[in-house]
Amino acid sequence: MEGIEAVIDPVSCLVETALDAENKPEPGCEVLHSDDHTHVADDSQTSVIVSFLTKDGAISQEQLDYARRVHAKLTSRRSLLSVIKELNFITTEKLRETLKRNLVSLRIGTLLVELGYLSEEDIKAALAIQHSAPVKKRLGDVLVEANFISEQKLVETLAFQLGFPHIEPNLSEMDRSLLPRGHIRNFKQHNFVPVAREDGHVTVVFGDPTDQRDIEAAQQLLGKNLVPAIASRRAIAELLAGYERSFLEVKGPAPAEDSAVAIVNQILEEAMIENASDIHIEPFRDRQRVRFRRDGVLVHHKYINPELANSMVSRLKVMAAADISERMRHQDGRFLYEDLKTGRSADVRASFFITIFGEKVVLRILTKHQQVLSLKDIGMTSKMLDRFTVDALDMPSGVILITGPTGSGKTTTLYSCVAYLNDVNTSIITAEEPVEYVVDGISQCAINPKIGRTFEETLRHMVRQDPDVIILGEIRDKYSADTAIQAALTGHKILSTFHTEDSIGGLLRLLNMDIEAFLISSTVVSVLAQRLIRRICPHCAVDYTPTPGELRRIGYSQHDIIGATFKIGEGCRSCRYTGYKGRVGAFELLILNESVKDAILSKKTSYEIRRLSVQSSGLVTLLEDGLAKAATGQALLHDVIRLLPRLMKPRPIQEIRRLSGEE
Ligand SMILES: [Zn+2]
């Protein structure tokens with residue numbers, strides 16, 4: 001490229017700079033303004049080709065001066081070259097010779113203007129289009145795409161004026177050995193195809209045989225002995241596409257397209273940057289939507305080209321080790337994604353679900369860099385934290401359950417408990433599916449039923465590992481519940497999560513699994529229920545006055561909210577104008593004291609057990625804990641009312657805060 005520029009005639013340099021933006025002006029060009037050739041630049045009708053003709057001696061200086069005088073008197077805008085041709089100072093053959101000899105210095109725009117096919121205004125307009133295009137295009141392509149000249153006309157012009165043979169390549173008639181697959185990218189980039197080999201010469205068709213870079217690229221691949229010919233760019237592109245297709249048909253299904261790989265990686269990177277927990281890739285009739293779950297809420301991310309849907313899904317299936325040929329059944333899988341740019345990695349669980357418009361993919365992202373939060377930082381009030389550690393985690397044995405629906409943050413809390421219990425004198429062993437956080441100093445087992453490492457099998461073996469603390473990722477059936485209770489009966493401490501609405505519900509669910517009430521009352525130490533609520537952005541929070549309707553829904557009067565400061569986020573840059581930033585936990589801690597155990601043994605109703613817990617064990621309900629967070633401006637009152645179960649009338653704010661030790 002640098003070498004080519006150096007060859008350019010100084011005279012043409014200025015003109016071409018004006019005409020063809022593919023050439024960045026070389027420093028040398030600027031100097032020309034002050035030398036003898038300055039008038040050349042000022043005269044817009046001065047011809048680069050004419051300067052070649054005089055240099056080659058094809059026309060004399062007298063002829064040129066005469067032609068200039070004629071040209072100056074013309075009222076129509078014709079090129080100097082056409083005047084010279086009209087005066088019969090040169091023949092078409094002579095012009096053709098000159099053009100071919102000086103091809104290195106010619107640009108397609110210059111040529112078309114000087115031959116009278118396009119005006120300089122046309123070229124300037126095309127250059128403006130070329131500049132504003134997001135992707136760099138050749139001027140020839142812009143001229144054709146923007147209809148300044150038809151492709152056919154362009155090819156004919158170049159073929160006629162430059163004397164290149166015009167060959168429309170045809171895959172079935174050409175020498176395919178000239179098309180090694182590894183060179184396809186070069187062919188595409190430089191717009192050429194070799195079509196025949198004869199007597200040591202290779203005939204190559206070019207979209208623009210005036211482009212020296214393309215010529216040089218072809219020479220590098222095919223040797224110096226080229227016979228250049230011209231073809232329409234469309235014909236070249238179609239031939240290469242057809243050739244690639246034929247290759248794929250022979251070799252079977254294509255590996256995932258570059259573009260699909262790039263888009264999948266981009267989405268994963270964006271999700272990690274935005275701290276999304278899940279990615280939803282959803283097919284619809286005419287579009288493919290990507291949404292992220294951030295802070296528990298699904299938000300629109302972008303639309304992607306639906307034509308890429310299949311290759312994207314295939315790419316994700318390859319990554320997740322799912323069956324890419326299976327498109328009729330739901331599937332799942334997982335993979336480790338490493339973002340090379342940021343060095344972050346994530347364990348990704350993938351689910352492929354068949355919908356009427358194709359496969360919907362949901363990716364759950366478990367980032368490994370996530371820090372395990374200290375128990376102090378998960379959002380418990382001081383009094384609750386105190387009771388949870390003293391009356392539950394510090395007990396020598398027993399079952400501690402953390403309950404809540406999916407996405408309630410119970411796994412985060414479970415790991416905070418592990419971090420609290422983890423010390424050099426304690427053996428902690430886990431059975432998880434999957435391992436969401438890696439904690440130093442404990443033995444974590446990832447359940448994988450596909451290879452026979454089932455939950456049941458793992459539970460049988462872990463009690464033989466002499467553990468002090470056993471962590472079960474989740475209790476989901478009677479077998480795992482029985483195992484937990486048996487382990488507790490033999491003096492172990494068991495922590496697990498459970499999928500129930502509230503703390504009392506956890507006890508009832510165990511009873512409904514046909515586990516004896518006396519086993520529950522003698523092993524379960526505590527049940528912690530929790531939810532995550534969006535936290536109000538601290539940067540744009542302003543005071544908020546609850547509506548009468550909101551107060552009515554929780555059975556409050558104005559008197560009940562004395563001492564409360566409700567807030568709402570107005571939206572700012574820091575929170576992307578959502579008014580929220582991060583999440584805050586709401587908790588309900590049930591400690592099984594004697595009266596609660598008695599209530600279980602005597603099969604009291606959940607209402608009774610709840611009333612007893614509130615009266616005797618200082619239980620603050622989920623709703624009450626949430627209201628306390630709303631009353632201190634951490635969470636929106638509306639969200640608290642909407643998200644937390646209302647099983648009994650909450651006590652006044654001031655009383656809740658006293659119970660929570662916050663007063
Ligand atoms: Zn904000």
Side-chain angles (χ1 to χ4, degrees), residues 266-280 289-303 339 342 344 346 364-367 369-374 376-382 404-409 411-413 416 530-551 553-554 556 561 563-587 622-644 653 656-657 660 662:
Q266 189 188 357
I267 290 173
L268 283 163
E269 281 159 25
E270 288 164 349
M272 285 168 77
I273 288 166
E274 297 199 8
N275 278 323
S277 60
D278 302 80
I279 302 170
H280 292 229
R289 180 171 67 183
V290 179
R291 291 191 291 176
F292 288 171
R293 188 176 292 282
R294 260 195 344 240
D295 295 337
V297 180
L298 265 181
V299 290
H300 179 82
H301 182 61
K302 65 180 170 190
Y303 289 115
D339 184 347
T342 62
R344 293 205 286 192
R364 161 145 297 187
I365 301 173
L366 309 159
T367 48
H369 72 279
Q370 268 175 336
Q371 289 292 311
V372 173
L373 288 176
S374 157
K376 286 199 291 291
D377 297 327
I378 63 173
M380 281 189 185
T381 59
S382 58
T406 307
S408 58
T411 307
T412 306
T413 302
S416 299
Q530 80 169 80
R531 291 290 191 287
L532 288 176
I533 308 169
R534 283 185 287 178
R535 187 191 288 275
I536 294 172
C537 171
H539 303 287
C540 59
V542 294
D543 284 349
Y544 175 76
T545 308
T547 64
E550 283 172 335
L551 295 181
R553 282 181 64 188
I554 43 177
Y556 267 3
I561 58 168
T565 314
F566 296 101
K567 298 271 185 191
I568 189 167
E570 282 190 310
C572 65
R573 275 175 76 108
S574 168
C575 59
R576 295 162 175 264
Y577 301 94
T578 57
Y580 295 107
K581 203 159 192 200
R583 286 186 288 178
V584 58
F587 300 92
L622 265 177
L623 178 61
E624 288 174 336
D625 194 53
L627 286 171
K629 268 139 195 164
T632 46
Q634 298 178 72
L636 198 62
L637 179 63
H638 176 77
D639 289 344
V640 168
I641 295 171
R642 188 167 56 91
L643 293 169
L644 300 180
I653 294 289
I656 298 169
R657 291 172 73 173
S660 310
E662 303 290 290

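As the structure lists them, so they are numbered: ligands from 1, and atoms in each ligand from 1. Side chains are part of it too, since the values below use all heavy atoms of this structure and drop only hydrogens, waters and symmetry mates.
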Colleague: Report yes if some heavy atom in the side chain of Leu627 is under 4.5 Å from a heavy atom in the side chain of Leu644; otherwise report no.
Modeller: no

Colleague: Which protein N, O or S atoms lie under 2.8 Å from the Zn ion (ligand 1), given by chain and residue number?
Modeller: Cys537 SG, Cys540 SG, Cys572 SG, Cys575 SG

Colleague: Taking C-beta and beyond as the side chain, do Leu636 and Arg534 meet within less than 4.5 Å on heavy atoms?
Modeller: no

Colleague: Quick one: pull up CG in Leu532 and CG in Asp639 and give me the separation to the nearest 0.5 Å.
Modeller: 12.5 Å

Colleague: Could you pull out all residues at least two apart from Arg531 that satisfy salt bridge (charged side-chain N to carboxylate O under 4.0 Å, His left out)?
Modeller: Glu501

Colleague: Can you confirm whether Thr632 sits close enough to Arg657 that some side-chain heavy atom of one is under 4.5 Å from a side-chain heavy atom of the other?
Modeller: yes

Colleague: Distance check, rounded to the nearest 0.5 Å: Ile365 atom CD1 versus Asn275 atom CG?
Modeller: 9.5 Å

